[in-house]
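What you see below is based on every heavy atom in this structure, not just the backbone, and it leaves out hydrogens, waters and symmetry mates. On a predicted model such as this, the values are computed, not experimentally measured, just so you know. Residue numbers start at 1 and run along the sequence shown.
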Amino acid sequence: MDIQKVCVIGMGTMGSQIGVVCAKGGCETAMVDIGPDQVEQGLTHIQSFLKAQEKKGRMDPETQNRILSLITTHTDIPQGVKEADLVIEAVYEDIGVKRDTFRRMDAASPGHTLLASNTSTLWIAEIAAATHRPEKCIGTHFLIPAALTPLVEVVKGPATAEETHDAIIDFLRRCGKETITVADSPGFVINRLYLPLVNEAFFALETGLASAE
């Protein structure tokens with residue numbers, strides 16, 4: 001499957017950055033949030049990020065304009081997803097909110113559309129169960145900041161089809177990302193490695209090995 005049109009649900013910190021990744025990869029990118037104020041705030045974040053990259057010499061004005069030209073915004077999920085090949089959910093990390101968002105994404109998007117969640121901790125299986133297409137559901141855990149960090153965890157749920165996984169890998173590589181594929185498990189790989197590191201730091205502080213600084 002050739003992914004050319006993407007919709008990102010949520011224009012907060014992660015969603016805005018994911019939108020930049022998709023547009024920079026050459027995809028028509030629809031972005032959705034719950035109201036005009038949230039959409040405007042998301043666009044401001046995107047524009048500020050692109051300007052900062054230009055000032056640092058990491059992006060020329062032509063690339064910046066091309067990215068912005070590929071982004072459209074909506075306050076309605078059905079309008080945003082109606083032509084999407086891929087929908088990426090980047091809403092609040094709450095299982096109820098994510099399941100409801102996936103239910104709405106599933107109901108409004110074309111039958112071929114792949115549905116991805118940017119969750120960093122929740123079960124893909126539980127999120128996908130809110131849809132009628134669990135085989136087309138997958139996790140795409142972008143790391144902060146998504147537009148600059150190269151790695152994306154790709155999380156296969158128990159029902160995720162190989163065709164879905166392969167299409168997502170191809171899409172992310174086209175967007176300049178490196179990927180690791182992980183099984184559906186709490187915390188996936190990155191957070192499971194990170195938490196013991198943080199715990200060890202507290203143990204070191206507690207034993208007087210060194211100061212926090």
Side-chain angles (χ1 to χ4, degrees), residues 8-22 24-25 33-34 38 41-42 44-59 88-102 115-130 134 137-160 164-165 168-169 171-173 175-213:
V8 180
I9 308 294
M11 293 183 68
T13 301
M14 286 301 296
S16 295
Q17 291 262 314
I18 293 169
V20 170
V21 170
C22 298
K24 189 176 180 181
D33 215 316
I34 58 175
Q38 289 81 0
Q41 187 175 38
T44 299
H45 287 157
I46 289 171
Q47 291 163 349
S48 296
F49 171 78
L50 295 177
K51 283 290 185 185
Q53 292 300 294
E54 182 185 348
K55 287 181 180 179
K56 293 175 182 178
R58 297 175 180 171
M59 183 179 293
I88 303 174
E89 164 271 310
V91 302
Y92 185 67
E93 192 77 350
D94 175 275
I95 189 61
V97 174
K98 287 188 182 288
R99 280 175 56 87
D100 182 62
T101 302
F102 258 66
L115 308 179
S117 175
N118 185 53
T119 182
S120 59
T121 58
L122 301 174
W123 292 93
I124 297 302
E126 190 172 359
I127 296 171
C137 296
I138 198 164
T140 50
H141 176 212
F142 291 78
L143 305 185
I144 297 175
L148 298 177
T149 307
L151 186 65
V152 178
E153 285 186 296
V154 177
V155 188
K156 294 175 66 176
T160 303
T164 299
H165 171 261
I168 292 296
I169 295 294
F171 162 73
L172 290 170
R173 287 177 178 167
C175 291
K177 294 299 184 182
E178 300 173 14
T179 63
I180 55 170
T181 298
V182 302
D184 198 9
S185 177
F188 312 137
V189 169
I190 299 300
N191 283 330
R192 287 181 67 168
L193 293 174
Y194 173 68
L195 290 176
L197 176 66
V198 172
N199 286 337
E200 188 62 28
F202 279 109
F203 292 145
L205 182 64
E206 186 178 50
T207 58
L209 182 64
S211 69
E213 290 76 14

message = Test your reading of the model: is there a side-chain donor-acceptor pair from K177 to the backbone of A146, 3.5 Å cut-off?
response = yes
task = Please round to the nearest 0.5 Å and tell me the distance separating atom NZ of K98 and atom CD1 of I9.
result = 11.5 Å
ask   = Between the side chain of Q53 and the main-chain N/O of R58, is any donor-acceptor distance below 3.5 Å?
value = no
request  = Nearest 0.5 Å please: distance from the CD1 atom of I124 over to the CZ atom of F188.
outcome  = 5.0 Å
task = Would you give the length of the straight line joining atom CD1 of I95 to atom CG of D100, rounded to the nearest 0.5 angstrom?
result = 11.5 Å
query = Checking E153 side chain against V182 main chain: does a donor-acceptor pair fall under 3.5 Å?
reply = no
ask   = With distance as the sole test, does N118 use its side chain to make a donor-acceptor pair with the main-chain N or O of F142 at under 3.5 Å?
value = yes
key: Side-chain heavy atoms of R173 within contact of I169, under 4.5 Å   = yes
query = Between the side chain of T160 and the main-chain N/O of C137, is any donor-acceptor distance below 3.5 Å?
reply = yes
query = Are the side chain of S16 and the backbone of T13 linked by a donor-acceptor contact shorter than 3.5 Å?
reply = no
message = Let me confirm one number: the CG-OG1 distance from L115 to T140, rounded to the nearest 0.5 Å.
response = 10.5 Å
ask   = Between T121 and P186, is there a donor-acceptor pair closer than 3.5 Å when you use the side chain of the first and the backbone of the second?
value = no
query = Taking the side chain as C-beta and beyond, is there a heavy-atom pair between Q41 and M11 under 4.5 Å?
reply = no
note = Rounding to 0.5 Å, atoms CG (L195) and CD1 (I190) come to a distance of 11.5 Å
request  = Output the distance between atom OG (S117) and atom CD1 (I88), rounded to the nearest 0.5 Å.
outcome  = 10.0 Å
key: With L143, the side chain to side chain contact (heavy atoms under 4.5 Å, CB included) member among L148, L151, V152   = L151
note = For P158 and D184, the nearest pair of non-hydrogen atoms, with its separation, is CD-OD2, 3.9 Å
query = If every non-hydrogen atom of L205 is compared with every non-hydrogen atom of A212, which pair is closest and at what distance?
reply = CD1-N, 3.5 Å
task = Give a yes or no answer on whether the side chain of E93 reaches the backbone of S120 with a donor-acceptor pair at less than 3.5 Å.
result = yes
request  = Identify the heavy atoms of F49 and A147 that sit nearest to each other, and give their distance.
outcome  = CZ-CB, 3.5 Å
